[in-house]
**Student:** 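The following block contains the structure, expressed as structure tokens.
As the structure is a prediction and not an experimental result, all values here were calculated from the model. In what follows, every chain begins at residue 1, and chains take the letters A, B, ... in the order their sequences are listed.
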There are 2 protein chains.
Amino acid sequence: MASKRSRERGLAVKMRDVAAACDVSLGTVSLILNGAPLARYFSPATTERVKKAAQRLGYRPNATARSLRSRRSHAVGVMFFDITDPFCTPVLRGIESALFDASYVPIVTDARNEPPRFERYLEMMLERQVEGLIVVANWLFVDLAILGDLARRNVPTVIVGWEDESGVVSSVMVDNEAGVRLAMEHLYLLGHERIAFIRGPKSLIDSAPRWSGIQKFARGAGREIDSRLVVDLPDHFETDLGFDNAYRLTKELISRGRAFTALVAFDDLTAFGAIRALHESGIKVPEQCSVVGFDDVAPSAQLTPPLTTVRQPLGRMGNMASSIVMDGIRAVQEKRIPAVVRHRLIPDLAIRGSTQRAPAKKRTG
Amino acid sequence: MASKRSRERGLAVKMRDVAAACDVSLGTVSLILNGAPLARYFSPATTERVKKAAQRLGYRPNATARSLRSRRSHAVGVMFFDITDPFCTPVLRGIESALFDASYVPIVTDARNEPPRFERYLEMMLERQVEGLIVVANWLFVDLAILGDLARRNVPTVIVGWEDESGVVSSVMVDNEAGVRLAMEHLYLLGHERIAFIRGPKSLIDSAPRWSGIQKFARGAGREIDSRLVVDLPDHFETDLGFDNAYRLTKELISRGRAFTALVAFDDLTAFGAIRALHESGIKVPEQCSVVGFDDVAPSAQLTPPLTTVRQPLGRMGNMASSIVMDGIRAVQEKRIPAVVRHRLIPDLAIRGSTQRAPAKKRTG
DNA sequence: TTGTATGCGTTATCAA
DNA sequence: TTGATAACGCATACAA
């Protein structure tokens, strides 16, 4: 059989082959196989014949040729600033989910917090004619203006985890203030008064809003924040270091001798490091010190004790990002201007074993 | 400026435009911008002029057109059976690393352990003319024959985490037997005699080899495995359930009242569940019971106590997979038959806080 | 109801 | 040294 022979030789069968096999023209095959509107004028006989032949010959459309001709790549770029962050996987799944439904494919890249890599990848994606772009940003290492540029050049772009103040590119992010409010409220209700804080590094996007949210809420509740119970994660660009630094800082916090019955960590990884330090210093979690994190990454629930943490709807965020991009693509297609939408999702609190009622007042440090 | 106008309209500048701007022909531009061998015959003046113009106009090659013409997509498909598995991220990074160096781009897909999704994605990748394919397989949910088919059709394919017995598709995997040997040796040296085991689910690829490795090593060391200390994870297709089931099974193990001083978990997630159960039952890890895992996923080091576990060189595995595929692509390009290579990497043991010397003999359960 | 012809943006083979 | 020109595989406007 001809089909088999050509397949074995690695020569893909194309429309021309199908056309030849059915003794119809190339255009006919194209219309029929694509279910084009005009295809309904063909006789059922031809339609059948063509479809059968395509099947029999193992015809598979060449997406490259199709893209060139139709000017649609059916691909969207997905750029992670740092895919090592456990935050990313659920987001990716959310993205993939929506893209799959639309028969789009993600081109996934990982900038590793390196600006040159970011730029190179951006370039590669544009060369590949991605129809849209999703950037999962956690670090502040790059100037967003570049993306604005992009969004204006008919490549609908959305940022996950970072809100563009200039308002030219769409974004999906968690409401950090609402998140920390939940955490603080929870601790206050449990009777915690002396609360320690590990703040995020300045170069991480969420650091500032989370801290200001904490301050705002404390002020509103008429509570004081003891600055001697506040430590800062240093700037760095490696996910793993969050753990080590949190560990070190917590030790330092403890050594200050200032009592605290609860600790609010910048994120889950930080919380893990803090728990290790507390444990080593003989301070039991949660009996002597409650700990709360932020993110609810996968391992948080699997820790012993499981971590109470602010849960980001990561999958939904990814999904939304895809939807926004797909809407944008549709807009571009119809020669409309893609809308800039900014979603801020409200997180909830996963209350688990790492927090409990504050112990009777006494020193903990 | 013409360039600016066309960019704002979203009309990409192409070689033709550059050629027109320099008053040279299309071919000239192509040769020069691609640094083709023949380009060295052009006068330095022309060369400069063309390059400058391309720069000035913001020319960006259209990868789609290039692919169609050159029959090279510069893309490789990366299919995960279940990207939720923390095992995947480091592998992906390893893959990405090697691809980036070769200016290749990964098309990432997640089959979610669903055969139809797997097949659909496979189809999409082939339509997109991926030059190679990397499958990161942990579950046994699909027939590998499909991939063999592929490998023979000039799409170099490599499987990470699964060895194809029929020997038609390349693979990279960890030496499971060597891994469990390290774990067992470690425990024996620490004086553990009564060891409990949580075996992996049958549908997970690594389950069988790990268990047979344990048996082999125990036999070789003249030790007995107490079948009353062995439990099996049920089959399921969700990563999270590993934790819950391990938790439940460990409780059951404890309730059997049969003493053990160490527990070998199928993998890290399983170990997390076991630790939770032990802890809740008042059995201290590692004082009363040592626990060892397998994989060394990111959170393992951040647990308290940190998990002793067999470390898979995940990044290197991903990297290797990419290299194999790239070699294969080169082979296809040169009309050679891509070699089938099978790598089995030796893991090492990350000895951390979850294991220690066996306590003096007494009941633990 | 079906066929023909042109072009998508490149690369590559000819001539000149 | 450079310029025409023909593919690559497909979609589509226009003919027939």
**Student:** Take A:V136 and A:I95 through the side-chain contact (heavy atoms from CB on, under 4.5 Å) test and state the conclusion after the steps.
**Tutor:** CA-CA 10 Å; A:V136 181; A:I95 292 172; 4.2 Å; yes

**Student:** Among residues at least two apart in sequence or on other chains, which ones pass side-chain contact (heavy atoms from CB on, under 4.5 Å) with A:Y59?
**Tutor:**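 Here the qualifying residues are A:V13, A:M15, A:V18, A:L33, A:A54, A:P61.
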
**Student:** For A:R71, which residues count as a side-chain contact (heavy atoms from CB on, under 4.5 Å) partner, sequence neighbours excluded?
**Tutor:**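 Per chain and number, A:R71 pairs via side-chain contact (heavy atoms from CB on, under 4.5 Å) with no residue.
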
**Student:** I need the CG-P distance between A:D23 and C:dT4, as an integer number of Å.
**Tutor:**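 Going from A:D23 (CG) to C:dT4 (P), I get 11 Å.
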
**Student:** Return the value, rounded to whole Å, for the distance between atom CG of B:N62 and atom P of C:dG7.
**Tutor:** 18 Å

**Student:** How would you label the contact of A:S67 with the nucleic acid (heavy atoms, under 4.0 Å): base, sugar-phosphate, or nothing?
**Tutor:** nothing

**Student:** What residues form a side-chain contact (heavy atoms from CB on, under 4.5 Å) with B:A36, not counting sequence neighbours?
**Tutor:** B:L31

**Student:** How is A:R16 classified with respect to the nucleic acid when contacts are heavy atoms under 4.0 Å: base, sugar-phosphate, or nothing?
**Tutor:** nothing

**Student:** Using a 3.5 Å cut-off and no angle test, enumerate the donor-acceptor pairs between side-chain atoms of residues 326-334 of chain A and protein atoms at least two apart in sequence or in another chain.
**Tutor:**
| from | atom 1 | to | atom 2 | distance (Å) |
| --- | --- | --- | --- | --- |
| A:D327 | OD1 | A:R330 | NH1 | 3.0 |
| A:E334 | OE1 | A:R336 | NH1 | 2.2 |

**Student:** Which residues pass the salt bridge (Lys or Arg N to Asp or Glu O under 4.0 Å) test with A:R60, sequence neighbours left out?
**Tutor:** B:E123

**Student:** Do the side-chain N or O atoms of A:R40 get closer than 4.0 angstrom to the phosphate oxygens (OP1, OP2) of C:dT1?
**Tutor:**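 Indeed not, no polar side-chain atom of A:R40 lies that close.
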
**Student:** Round to a whole Å and report the spacing from CG of B:D17 to C1' of C:dC8.
**Tutor:** 14 Å

**Student:** Treating primed atoms plus P, OP1 and OP2 as sugar-phosphate and everything else as base, which nucleotides of nucleotides 11-16 of chain C get B, S or - for protein heavy atoms under 4.0 Å?
**Tutor:** BB----

**Student:** I need the CG-C1' distance between B:L33 and C:dG9, as an integer number of Å.
**Tutor:**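 Result: 13 Å.
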
**Student:** Is A:T64 touching bases, backbone alone, or none of the nucleic acid, heavy atoms closer than 4.0 Å?
**Tutor:** nothing

**Student:** By a strict heavy-atom criterion of less than 4.0 Å, which residues belonging to residues 121-130 of chain A are in contact with DNA chain D?
**Tutor:**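 The stretch gives none, as no residue of it lies under 4.0 Å from the strand.
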
**Student:** Looking at C:dG3, I'd like to know if its phosphate oxygens (OP1 or OP2) sit under 4.0 Å from a side-chain N or O belonging to A:T28.
**Tutor:**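 Affirmative; the distance criterion is met.
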
**Student:** Closest approach to the side chain of B:S25, judged atom by atom: which nucleotide of D:dG9, C:dG3, D:dG3 is it?
**Tutor:**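 When the side chain of B:S25 is considered, D:dG3 is the closest of D:dG9, C:dG3, D:dG3.
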
**Student:** So what is the end-to-end bend of the helix from C:dT1-D:dA16 to C:dA16-D:dT1, with 5 pairs used at each end and the value given to 10 degrees?
**Tutor:**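 Axis-to-axis angle, ends of the helix: 50°.
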
**Student:** Assess A:R117 against B:F100: is NZ or CZ under 6.0 Å from the centre of the six-membered ring, and within 45 degrees of the ring's axis?
**Tutor:**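 Cation-pi check for A:R117 and B:F100: passes.
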
**Student:** Could you work out, with ring pair (Phe, Tyr, Trp, His ring centres under 6.0 Å) as the rule, every residue matching A:H74, not counting sequence neighbours?
**Tutor:**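 In terms of ring pair (Phe, Tyr, Trp, His ring centres under 6.0 Å), with neighbours along the sequence ignored, A:H74 is linked to A:Y104.
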
**Student:** Which pairs pass ring-ring contact (aromatic ring centres under 6.0 Å, His included) with one or both residues in residues 11-33 of chain A, sequence neighbours excluded?
**Tutor:** none

**Student:** Just to verify, what does A:S170 make a side chain to side chain donor-acceptor pair (under 3.5 Å) with, not counting sequence neighbours?
**Tutor:** none

**Student:** Say you draw a straight line from CZ of A:F81 to OG1 of A:T109; how long is it, rounded to the nearest 0.5 Å?
**Tutor:**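 Between A:F81 CZ and A:T109 OG1, I get 10.0 Å after rounding to 0.5 Å.
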
**Student:** For B:L68 and D:dA11, what is the distance between atoms CG and P respectively, to the nearest whole Å?
**Tutor:** 12 Å

**Student:** Suppose we screen for side-chain contact (heavy atoms from CB on, under 4.5 Å). Which residues come up paired with B:T64, at least two apart in sequence or across chains?
**Tutor:**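 For B:T64 the side-chain contact (heavy atoms from CB on, under 4.5 Å) partners, ignoring immediate neighbours, are A:T64, A:S67, A:L68, A:Q129, B:N62.
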
**Student:** Provide, to the nearest angstrom, the distance between the CZ atom belonging to A:R72 and the P atom belonging to D:dC10.
**Tutor:** 18 Å

